[in-house]
Amino acid sequence: MPSPLLHGLNPEQLAAVTLPHESALILAGAGSGKTRVLTTRIAHLIQTGQASPHGILAVTFTNKAAKEMLSRISAMLPINPRGMWVGTFHGLCNRLLRTHHREAGLPALFQILDHQDQLSAIKRLLKSLNVDDEKYPPKQVQFFINSNKDQGIRSAKVEAYDDYTRRLTEFYAAYDAQCQREGVVDFAELLLRTYELLSRNELLREHYRSRFKHILVDEFQDTNRLQYLWLKLLAGPDAAVFAVGDDDQSIYAFRGAQASNMQEFERDFHVSKVIKLEQNYRSHGNILDAANALISQNLHRLGKNLWTSEGSGEPIRVFAAYSDHDEAAFIVDEIKALRSEDVVLSGIALLYRSNAQSRILEHALFNAGLPYRVYGGLRFFERQEVKHALAYLRLIANSGDDGALLRVINFPARGIGARTLEQLQTLATERGHTLWDAAASGLLGGKSGSSVGAFLQLIESLRAACAGLPLSEQIEHVLVHSGLIAHYKASKTEAERVENLEELVNAAVGFVQEYEAEPLEPDQAAQDILSVFLTHATLEAGEHQAAVGSEALQLMTVHAAKGLEFHSVFLSGLEEGLFPHEQSKNEADGVEEERRLMYVALTRARRRLYLSYAQSRMLHGQVRYGIPSRFLSEIPPALLKQISGAQTPYQTETPRSVVRNSSESNSPWHIGQNVAHAKFGQGVIVNCEGSGADARVQVNFGRNGVKWLALEYAKLEPV
DNA sequence: ACTACGAGACTTTTT
DNA sequence: GTCTCGTAGT
């Protein structure tokens, strides 16, 4: 009796969903219904009584994917999915470590370092060791530490055959000691700690092994060595691991992902058959043929060919531009044409290899008055003002957090200078104390001693005042009494930061609502809300990926586009050196990874695909002349349609004409004038002050708020 | 303690 | 071209 759950699945999907209790590898091509298979499998296991929600563990890489999975499952089944563990590797490890912090050797309120925090911790460490950071750049030390952790290698196990590596290994050991002293863990540490906890502690390991008989892994090709070991450890002998991935879409090798884990998985988990999902429900035939042809150039593939039951559709359009400006102008024109064919703007994506390429596109779109959204850049919880606020909160939660202390001990300025900090550092290092303890020891005499003392008192009083308050009021209190808000309010140029701090309070309100709406498992319930919020801020700093909704063009890197689809895709900058990127050519398998990236880009398009390149391009402040990307020649010419040549420059609306417009009349700026700004969009001038180089205008940007802008810098355009 | 200027970098990025 | 970082100068 087929269940309605299984309705509409193709034979391969059905086979995957209904596989018996054994480990399986699902090779899921782009657009082949991967998420559907994964979620239907879970629902099916529960519905048929093969598993209870309690026995299911589903692992993803992003919070977005985890949320998506949960919401799809709850849509399929009338059960509360909360017994299931669905989350990211990091989120799940965090949960385990919070529950078993004692066994893991961590304080209850351990804090998590993001990438930035980690780097500043390393800089601080190197400074305290008097290391020449010319010889040992902090970023390189960070890379060394992380790549070892990602392979599950502790400093004691690093094989160092030369002095340089030996030195790096010393830093690795010292860094771990510093983190331990301060009660903080970095991202890789979350995983490594959990791994070590479970391998060391048989009782816990058996507990979780007997609980999770069904482990499902999304984007398996993106797992690194440690994540693979982690899965192997957690999966007991009678667990079934359902691994879904696509080796052709492995584009994160540069951060440790090993698609070879798929082959290893086949062996280690005795996978009897690999199921391939090759029917594509997204793109027309020509696009898939192009993608197949391209990716077939890669050696070492598991092998897979996408097909569709739809027609071949339109040819892929190729445009050879004279210059980068031309390329942008061409794209703008085509977008206008698409719009007149009723293609919605949000269904059009402009993809590029590197972020720097967005600027010229933005400029052209802006001048053409086309709304667009750029993905990437700083996320909310990464902004400096937000980080400052969080640092106060972290100090309240854990006074041993030296990184947090250093961030705010003199921000806003309270007369604690470099001199004082140096003394404090020395004192702490001598005694093996945290900075807080060193400061509290009273051994710092004189004026610096008293100003440091005042800071400690401030934190103590914040901590006391916050005890028992609702989270958002705690944050408000801290913002006011730390002087942060006042500091930013006093500044003319940083009004936006005040808004972000206010937004932080709102975020807390929203967070608490969600948190309280969701009934908790006992292992989580006891936690302090502040600590949970701080963890949330680090583990979910917000995604870079597109959110549907706003009626605007979507601009992003190819990496950020993974997993998404669009009616029309423009892929620009297809030049040797840009795509494939110059630096990839020196790396082992670098070009193959670039080709997979190209494959990902092609398979984002449903109906129409544009590929373009420019003969000349401004790069690093110089004009460069490039040749077309090799990837273009790897697509069968029969699938391509060349649009115009590059002999004559494409007609462009040069920015100069716009500038001239505004300077022709004597005072183009007046109250009531409609203007547009690159970041804030369209607005209207509501106030003016000053003249010449000091002239400022106040502009109401509607949803983006009211801002004061210096005319000299803001590059406003009249509308 | 804050600002200003110059040097140098500069793929991709989630947690 | 543009951003970040570090140092020197006020």
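Reckoned from all heavy atoms, side chains included, excluding hydrogens, waters and symmetry mates. In the text below, chain A, chain B and the rest are named by the order of the sequence lines, each starting its count at 1. Just so it is clear, the structure is predicted and the values come from calculations on it, not from any experiment.
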Should the ring pair A/H559 and A/Y252 be called parallel, tilted or perpendicular, given that the plane angle runs from 0 to 90° and is split at 30 and 60?
tilted
Students often mix this up, so state it plainly: with edges at 30° and 60°, are the rings of A/H536 and A/F381 parallel, tilted or perpendicular?
perpendicular
Residue met sooner reading DNA chain B from 5', once A/E594 and A/A413 are mapped to nucleotides
A/A413
On DNA chain B, check which nucleotide each of A/N355 and A/G417 is closest to and give me the residue with the more 5' one.
A/G417
Please tell me if [X] has a side-chain N or O lying less than 4.0 Å from either OP1 or OP2 of [N].
X: A/R359; N: C/dG1; value: no
X: A/R379; N: B/dT15; value: yes
X: A/N410; N: B/dA1; value: yes
X: A/N63; N: B/dT15; value: yes

Residues within residues 571-584 of chain A bordering DNA chain B, heavy-atom distance below 4.0 Å
A/H581, A/Q583
Counting the benzene-type ring for Trp, do A/H100 and A/Y208 have ring centres under 6.0 Å apart?
yes
Tell me if the aromatic rings of A/H388 and A/F411 count as close, with their centers under 6.0 Å from one another.
yes
With the side chain of A/T88 defined as its heavy atoms from C-beta on, choose the nearest nucleotide among C/dG1, B/dT12, B/dT15.
B/dT15
Please tell me which of the listed nucleotides, B/dT15, C/dG1, B/dT11, lies nearest to the side chain of A/R353?
B/dT11
Report the distance from atom [atom1] of [X] to atom [atom2] of [N], rounded to the nearest whole Å.
X: A/L564; N: B/dT14; atom1: CG; atom2: P; answer: 12 Å
X: A/R596; N: B/dT11; atom1: CZ; atom2: P; answer: 19 Å
X: A/E134; N: C/dG6; atom1: CD; atom2: P; answer: 10 Å
X: A/F143; N: B/dT11; atom1: CZ; atom2: P; answer: 14 Å
X: A/H620; N: C/dC3; atom1: NE2; atom2: C1'; answer: 13 Å
X: A/K139; N: B/dC10; atom1: NZ; atom2: C1'; answer: 10 Å
X: A/H487; N: B/dA1; atom1: NE2; atom2: C1'; answer: 12 Å
X: A/H363; N: C/dT2; atom1: NE2; atom2: P; answer: 10 Å

With heavy atoms under 4.0 Å as the rule, sort [X] into base, sugar-phosphate or nothing.
X: A/L92; value: nothing
X: A/Y252; value: sugar-phosphate
X: A/E219; value: nothing

Look up atom [atom1] in [X] and atom [atom2] in [Y], then write down how far apart they are to the nearest 0.5 Å.
X: A/C179; Y: A/L113; atom1: SG; atom2: CG; answer: 5.5 Å
X: A/K387; Y: A/D114; atom1: NZ; atom2: CG; answer: 3.0 Å
X: A/R630; Y: A/M598; atom1: CZ; atom2: CE; answer: 12.0 Å

How far does the P atom of B/dT12 sit from the matching atom of C/dC5, given to the nearest Å?
16 Å
Taking the six-membered ring for Trp, does A/F254 stack with B/dT12 (centroid gap under 5.5 Å, planes within less than 30°)?
yes
Have A/N146 and A/Q118 got a donor and an acceptor in their side chains that come within less than 3.5 Å?
yes
